[in-house]
2 protein chains.
Amino acid sequence: MGNGRTLGVGLIGLGVVGTGVVQLIQKNREDFKKFRGVDLDLRRVAVRDPGKPREVDLPTGAFTTAEALVEDPDVDIVVEVMGGVDAATDLCCRALKSGKDLVTANKAMMAERGDEVFSAAAAGGASVGFEASVCGGIPILQALRDGLVANQVESLYGILNGTTNYILTRMTDEGGSFDEMLQEAQDAGYAEADPAMDIDGTDAAQKLSLLCRIAFRRRLDPEHISKEGIEGISPVDIDFARELGYTIKLLGIARPLGDSIEARVHPALVPLDSQLANIKHEFNAVEVVGSAAGPQVFTGRGAGRLPTASAIVADLVDVAQRRLAGRGESADLARLPEAAPASPDSVKISAYCRFTVFDTPGVLAQIACIFADHNIGIAKVIQHGRSESEGDTVTLIMTTHEARESDMKRAVHVIGQLPVVQHEPKVIRIEEL
Amino acid sequence: MGNGRTLGVGLIGLGVVGTGVVQLIQKNREDFKKFRGVDLDLRRVAVRDPGKPREVDLPTGAFTTAEALVEDPDVDIVVEVMGGVDAATDLCCRALKSGKDLVTANKAMMAERGDEVFSAAAAGGASVGFEASVCGGIPILQALRDGLVANQVESLYGILNGTTNYILTRMTDEGGSFDEMLQEAQDAGYAEADPAMDIDGTDAAQKLSLLCRIAFRRRLDPEHISKEGIEGISPVDIDFARELGYTIKLLGIARPLGDSIEARVHPALVPLDSQLANIKHEFNAVEVVGSAAGPQVFTGRGAGRLPTASAIVADLVDVAQRRLAGRGESADLARLPEAAPASPDSVKISAYCRFTVFDTPGVLAQIACIFADHNIGIAKVIQHGRSESEGDTVTLIMTTHEARESDMKRAVHVIGQLPVVQHEPKVIRIEEL
């Protein structure tokens, strides 16, 4: 194993991100030896088709299968960028149990099967680095784990998905519809051919669950995070939001609430002069409020070849230094208590409500009464004159003061049943940040 | 020394920040034992007056002198928050040479005497943590050192001084003068009784020099960083900047330029929709462009008891873990090459220029000719009608395209000599970010 400071790296997957990892290791290897005391020797690369032309030069004999790689005694650290959940979990756990360290960008695996991965690491005395799985190149897990170690996290707000942020930014700047801007995002390479997991909040919920694991030391199954995507956001909502001093972002939000954790992903109105409002296009951001440090914001590119590879290689250096220092994974991430989801009665929200109503006398009074009956105070009301396209109806916008989420749901349901109200009312939460 | 994982901490200084450090160690000690495997035992505190009432409870016999503390075999890690340069350097170097680790918030010491401190650390095989000395609670040094380890830093822009950012924010929001807002900052506790080092850019230059040490692995004496403070910024500059789509911030800027490093501190116009423009009041921010990760921004509170203590205690945990793993300071920070300052001929800038000119025919033509003669293109011109307070003169604003800094200086000097120009022209650089 060389001079004792050389560590063998095995890479599973040589797609976009894997190629970036090879490039960054090759480019920085001498600096890592000189300045960090670790020599990262890329020894094995597992690919499906070894004959395919590649952008990078690899040592002769490097190509192998994933099955062989995780058993290979020349590999000390496995970098997993193959994606998918079941096969990846199986390979990663085998590597960890045999004492190999793991660096991964696989958020779905870590969010859904993290317990198994951390248990395997504990069994093998190995480390897991998964910085690249949340917000690409932004060192947010490191900041939460190390930089804020003397803090209790009071709240966490994140723009965690670049695809939806790109679409919302374009809808805001150009005034286009969701469908048009989704198409444009696909053309520009910011959205997958099948963007469902991005659009509906699944991807953000997976990342939020990983952030919660580090920030609150609690397990939170992404399935238990309430989520709502951006497919229902219309250009009129963006316009009214601006009139009220807000813009619309898809947020992942988590905060302790007594013994439970409130965790949710949904579009929200955020003030135009807040930092998160100014995170544009495919960028990601996380705002953390620490009990000692106060509010901090971390922003950067959340995806892409080199940003993701940057986080992977940073983890590689960290894991390698820990291995050389004889300091494996602290086993505690494997045995975290499950977080109880916050009950809807304990969650308080304020909201933007858009109603399409018949333009007849008494409508405003009826709606206002229903809000009042549910202990919900009205903050602002906007009703412009009737536009041609609306026919007999007008659009009525109301924002509310903070109220119980359960009351809000009931009130909006009752309003939606009124004969004067057309269509389902649209409700978007407001987060003052 | 207890169970082998207990480390003795000695604190020099029990002022505002020192008290915060004691509070955070006491509050989190059990968590650090449980989750990080280190028991931080605060054993000695050096104060000038042991009889003075304190906000925190300390173990009997903890009080000692700084001289005794740095020799005390029960102290493994010294936390220095006494401030000042010479006495602090002497104490810290003695502690380091005898193998004690050091955590410090002392930016003046680290910027001016860093070489001695790192050499002492190398001699003693000890570690130095100085995260708290730059931007308080923001884990920016960690991000540069670890999170961006696979990147070459292409540029670094920082709002590094909370006092000046508070004053500029208030001038922008309220329209007050520099003197009024300085007074207000002092009343609000955001400016010292003697704010000279904040106002004139010295504090920001010290922090920039420390950022350069980590980002570029170069020594850069703060004395060699060109600097200009905010005392010359007038409300009219802020108003014209806004009219042009900018706001004014005091920036620390550094970037490699061939073999040298361009490093400077000065007020700059930044675009209203940039992230740095929206960093308000006493907050700090650093924007780093990494060769792989792309642009990243880190923001938070740059000063104050708990934000600073948060960074100190994070360093304490890091240094303690490194000590337990037998991994002392890598000696290389002590032997960095000196950065050559960039020559004014190689630096290119664009600028906002405010001239006070007599309102006579031909003035604009004269000034425009001088710019043209110096190869400087004009981007925008603003001249409003004459106001009553200006008498025979008018204010003429010009922004330029990018040009050599040396040409800009010569051109403005020549313009300032014109008989039609009253007062010294005001030049503020524009940074598009």
Side-chain angles (χ1 to χ4, degrees), chain A residues 20 23-25 27-28 31-32 34-37 131 136-139 142-143 146-152 217 273-275 277-280 283 285 288 290-301 304-307 309-314 316-318 321-322 324-327 330 332, chain B residues 20 23-25 27-28 31-32 34-37 131 136-139 142-143 146-152 217 273-275 277-280 283 285 288 290-301 304-307 309-314 316-318 321-322 324-327 330 332:
Chain A
Q23 290 170 330
L24 291 186
I25 291 177
K27 183 170 181 191
N28 295 288
D31 276 358
F32 294 157
K34 197 164 149 196
F35 300 125
R36 311 302 293 237
E131 183 69 80
I138 309 174
Q142 186 190 40
D146 297 331
L148 296 174
V149 67
N151 291 254
Q152 285 67 51
R217 310 191 66 79
D273 66 352
S274 66
Q275 282 191 65
N278 290 290
I279 306 304
K280 306 259 172 94
F283 277 75
V288 183
S291 53
Q296 298 196 332
V297 183
F298 304 85
T299 75
R301 285 187 197 281
R305 169 185 292 195
L306 289 178
S310 168
I312 288 173
V313 177
L316 256 178
V317 171
D318 178 51
Q321 287 192 311
R322 285 203 262 167
L324 293 173
R327 190 149 60 87
S330 67
D332 61 280
Chain B
Q23 290 170 331
L24 290 186
I25 291 177
K27 184 172 180 189
N28 295 289
D31 276 358
F32 294 157
K34 197 165 149 195
F35 300 124
R36 311 303 293 237
E131 183 69 79
I138 309 175
Q142 187 190 40
D146 297 330
L148 296 173
V149 67
N151 291 254
Q152 285 67 51
R217 311 191 65 80
D273 67 350
S274 65
Q275 281 190 66
N278 290 290
I279 306 303
K280 307 258 170 93
F283 277 76
V288 183
S291 53
Q296 298 197 331
V297 183
F298 303 86
T299 74
R301 286 187 196 282
R305 169 186 292 195
L306 289 178
S310 167
I312 288 173
V313 176
L316 256 177
V317 171
D318 178 51
Q321 289 193 310
R322 285 202 263 168
L324 292 173
R327 190 150 62 87
S330 67
D332 62 279

What option among [options] has the most heavy-atom pairs under 4.5 Å with chain A?
| options | answer |
| --- | --- |
| B:Val313, B:Asn278, B:Leu316 | B:Asn278 |
| B:Arg305, B:Lys27, B:Lys280 | B:Lys27 |
| B:Gly304, B:Pro307, B:Ala314, B:Ala292 | B:Ala292 |
| B:Gly137, B:Ala285, B:Pro295 | B:Pro295 |
| B:Ala150, B:Gly147, B:Gly136 | B:Ala150 |

* Examine whether an atom of B:Gln275 lies under 4.5 Å from a heavy atom of chain A, and if so say whether it belongs to the side chain, the backbone or both; otherwise answer neither. =>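 Only the side chain of B:Gln275 comes within 4.5 Å of chain A.
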
* Side chain from CB out, backbone as N, CA, C, O: work out which of these in B:Ile312 comes under 4.5 Å of a heavy atom of chain A, or both, or neither. =>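 Neither part; nothing is under 4.5 Å.
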
* To do: Check whether any side-chain N or O of A:Gln296 sits under 3.5 Å from a backbone N or O of A:Gly290 as a donor-acceptor pair, and report yes or no.
  =>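 Not at all, since once roles are kept as given, no pair shorter than 3.5 Å links the two residues.
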
* Where the side chain of A:Gln142 meets the backbone of A:Glu131, is there a donor-acceptor pair that is under 3.5 Å apart? ->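 A pair under 3.5 Å: no.
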
* Asked: Tell me, side chain or backbone of A:Ile279 under 4.5 Å from chain B's heavy atoms, or both, or neither?
  ->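 Just its side chain gets close to chain B.
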
* Residue part contacting chain B, namely of A:Gln23, when any heavy atom lies under 4.5 Å ->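 Neither part; nothing is under 4.5 Å.
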
* Compare every heavy atom of B:Gly37 with every heavy atom of B:Leu324, then report the nearest pair and how far apart it is. =>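 Minimum heavy-atom separation between B:Leu324 and B:Gly37: CD1-O, 3.6 Å.
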
* Closest approach of B:Phe32 and A:Val149, non-hydrogen atoms and distance? ->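 Heavy-atom minimum between the residues: CE2-O, 3.5 Å.
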
Quick check on the interface: out of [options], who has the most heavy-atom pairs with chain B under 4.5 Å?
| options | result |
| --- | --- |
| A:Val297, A:Leu24, A:Leu306 | A:Val297 |
| A:Pro139, A:Ala143, A:Gly300 | A:Pro139 |
| A:Ser310, A:Ser274, A:Ala311 | A:Ser310 |

* **A:Arg36/B:Asp146 ion pair, N-O < 4.0 Å** =>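 Looking at A:Arg36 and B:Asp146, the cut-off is met.
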
* To do: To the nearest 0.5 Å, tell me how far B:Lys34 NZ sits from B:Asn28 CG.
  =>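 Answer rounded to 0.5 Å: 12.5 Å.
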
